[in-house]
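Worksheet: one structure, shown below.
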2 protein chains.
Amino acid sequence: MSGDRPRIRAAGRARGVPEATVARLPVYLRALHALADAGHNTVSSEELAVAAGVNSAKLRKDLSHLGSYGTRGVGYEVALLVDQISRALGLTQRWAVVLVGVGNLGHALAGYAGFASRGFRIAALFDADTERVGECIAGLDVRHIDDLDRVVAEEQVSIGVISTPADAAQEVADRLVEAGVTSILNFAPCVLQVPDGVDVRKVDLALELQILSFHEQRKADDAGSASGVNGSMKSAAAGTVTPLPTPRVDAREVVGR
Amino acid sequence: MSGDRPRIRAAGRARGVPEATVARLPVYLRALHALADAGHNTVSSEELAVAAGVNSAKLRKDLSHLGSYGTRGVGYEVALLVDQISRALGLTQRWAVVLVGVGNLGHALAGYAGFASRGFRIAALFDADTERVGECIAGLDVRHIDDLDRVVAEEQVSIGVISTPADAAQEVADRLVEAGVTSILNFAPCVLQVPDGVDVRKVDLALELQILSFHEQRKADDAGSASGVNGSMKSAAAGTVTPLPTPRVDAREVVGR
DNA sequence: CTATGTGAACCCATTCACAGCA
DNA sequence: TGCTGTGAATGGGTTCACATAG
């Protein structure tokens with residue numbers, strides 16, 4: 001038993017699972033559910049790795065951090081693995097979450113079936129706009145942000161989702177923390193300041209596109225330098241052409257910082 | 001000039017920027033825009049690091065991969081840095097993207113102002129459901145997926161966003177690649193198979209919550225083991241209680257794998 | 001004989017600490 | 001003098017390759 005170096009362990013349960021591993025466990029879980037649906041009772045590390053989009057060595061190393069739940073020469077029992085990963089992720093309980101900000105994105109998140117199906121229950125929706133309060137979205141009434149404290153306490157909420165504009169996000173985060181929330185998922189495009197003990201994860205939609213933009217550019221450059229010395233245009237791959245020399249930053253027109 | 005080890009470099013432009021650095025450049029860009037709006041002309045690595053939520057050593061190392069654009073003893077000129085980072089990310093051109101799947105989430109993405117404000121133009125919306133085709137969302141008509149090839153070619157689209165249900169995502173990805181798209185942002189909770197040369201980034205909403213769940217559980221466990229030997233309940237922190245012993249996986253009720 | 005579990009090697013990223021320049 | 005830019009040190013994560021168990 002035990003991993004590489006002697007990571008911290010609690011009483012009986014496995015602990016000190018590396019962060020990179022934690023981030024992949026939900027992917028394995030998804031793949032396992034799909035395999036179970038397809039009627040598989042057991043699965044090899046190779047099969048599961050393919051289904052999860054990683055290599056098998058990484059998968060085995062990841063699983064080894066949870067314990068030894070495989071059978072040498074055979075593979076893993078699907079149901080058992082689902083059980084163990086769910087347990088490791090804390091999904092044996094159904095977490096209550098509150099969502100703040102029911103604009104464009106908040107609406108979609110409130111109606112996202114994936115939350116319910118993967119261990120989460122939206123306890124309440126909030127907004128600061130009194131126009132929106134009272135509106136019913138996905139079976140939930142939108143409440144005013146001032147009710148946050150009460151709901152978080154009553155429903156034992158520990159996770160908050162922020163889908164407000166960027167300029168309101170910090171204020172909302174402060175209120176969530178004040179109310180007792182200790183984990184925040186932030187969809188607003190800004191950095192949040194929170195006290196120790198509070199976890200924040202961010203999802204930035206445009207940021208992901210910007211990363212893709214980098215790689216697109218790289219591909220276009222490669223294609224360009226393959227033929228002409230510095231292929232000024234011509235093989236600009238699939239990108240919107242117009243390679244503007246130095247357009248000065250007058251970009252960023254609308255909305256969020 | 002040049003980084004630590006001699007990473008690959010092209011003609012004159014900086015290359016071989018580490019992936020971890022690339023992922024942070026958009027964050028720096030956001031912070032710089034905010035600083036510019038606040039009237040700052042120059043900024044020190046320390047100030048910018050705080051605004052971006054990283055430490056200053058990491059920031060400087062990251063920027064060093066783009067070249068030497070700071071002034072020792074002074075700091076960085078905000079406008080110049082914005083320019084250089086934009087250039088490095090390939091944001092001197094405005095990329096055209098197509099969005100496939102105008103359900104709950106697709107709707108929200110189509111209306112997301114952050115795309116337009118950060119260098120991207122939604123060229124078209126697509127759906128397979130003929131009921132939806134023709135609908136107008138955020139000023140764009142929803143087109144049928146069969147028109148994908150034409151639009152991608154005509155508008156020189158190289159980036160596609162998938163916001164379909166999981167069971168349709170692979171099919172859509174295949175079509176996007178077939179049409180000539182070489183970068184995909186996938187919101188569907190599944191692993192996509194794509195040929196070499198195509199980049200995929202994924203955003204999984206529930207996955208992020210599951211990661212937070214892990215850390216919540218850890219905090220709850222810590223709080224529990226602080227007092228009683230194995231505090232069976234009582235100090236279950238803020239989480240929805242009910243620590244179920246071995247609930248057998250009957251979870252996952254609705255929707256996507 | 002097969003596929004897991006894991007030490008060891010390797011590689012990438014972060015952090016430190018200071019040389020070098022305005 | 002102050003802050004950038006960067007070698008060197010450290011640490012985490014990935015991959016390799018094989019001992020081990022069924």
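Residue numbering restarts at 1 for every chain, and letters A, B, ... go by the order of the sequence lines. Side chains are part of it too, since the values below use all heavy atoms of this structure and drop only hydrogens, waters and symmetry mates.
- Distance from the side chain of B/Pro18 is smallest for C/dA13 among the nucleotides C/dC16, C/dG5, C/dA13.
- Whole-Å rounding puts the B/Leu63 CG to D/dT4 P distance at 9 Å.
- For B/Ala20, the side-chain atoms get nearest to C/dA13 when compared with the rest of C/dA22, C/dT4, C/dA13.
- The side chain of A/Ser45 contributes an N or O atom lying less than 4.0 Å from OP1 or OP2 of C/dT4.
- Put simply, CG on A/Asn55 is 16 Å from P on D/dG13, counting in whole angstrom units.
- With hydrogens and angles ignored, a donor-acceptor pair under 3.5 angstrom links the side chain of A/Arg72 to the base of D/dT20.
- Rounding to whole angstrom units, OH of residue B/Tyr69 and P of C/dC21 are separated by 19 Å.
- Side-chain contact, B/Asp174 with B/Gln170: a donor N or O sits under 3.5 Å from an acceptor N or O.
- Taking a cutoff of 4.0 Å between a charged side-chain nitrogen and a carboxylate oxygen, B/Glu216 and B/Lys219 qualify as a salt bridge.
- With the nearest nucleotide of DNA chain D identified for both B/Ala57 and A/Thr71, B/Ala57 has the one nearer the 5' end.
- Going from atom CZ of B/Arg60 over to atom C1' of D/dC3 covers 7 Å, rounded to whole Å.
- Rounding to whole angstrom units, NZ of residue B/Lys58 and C1' of D/dT10 are separated by 14 Å.
- Put simply, NZ on A/Lys61 is 10 Å from C1' on D/dG13, counting in whole angstrom units.
- Residue A/Glu19 places its side chain closer to D/dG13 than to any other of D/dT4, D/dG13, C/dG5.
- Rounded to whole Å, atom C1' of C/dT4 lies 11 Å from atom CG of A/Leu59.
- Ion pairing of A/Asp62 with A/Lys58 is absent here, as no side-chain N (NZ or NE/NH1/NH2) approaches a carboxylate O to less than 4.0 Å.
- Taking the side chain as every heavy atom from C-beta outward, B/Tyr76 and B/Leu63 approach each other to under 4.5 Å.
- Going from atom OH of A/Tyr76 over to atom C1' of D/dA21 covers 13 Å, rounded to whole Å.
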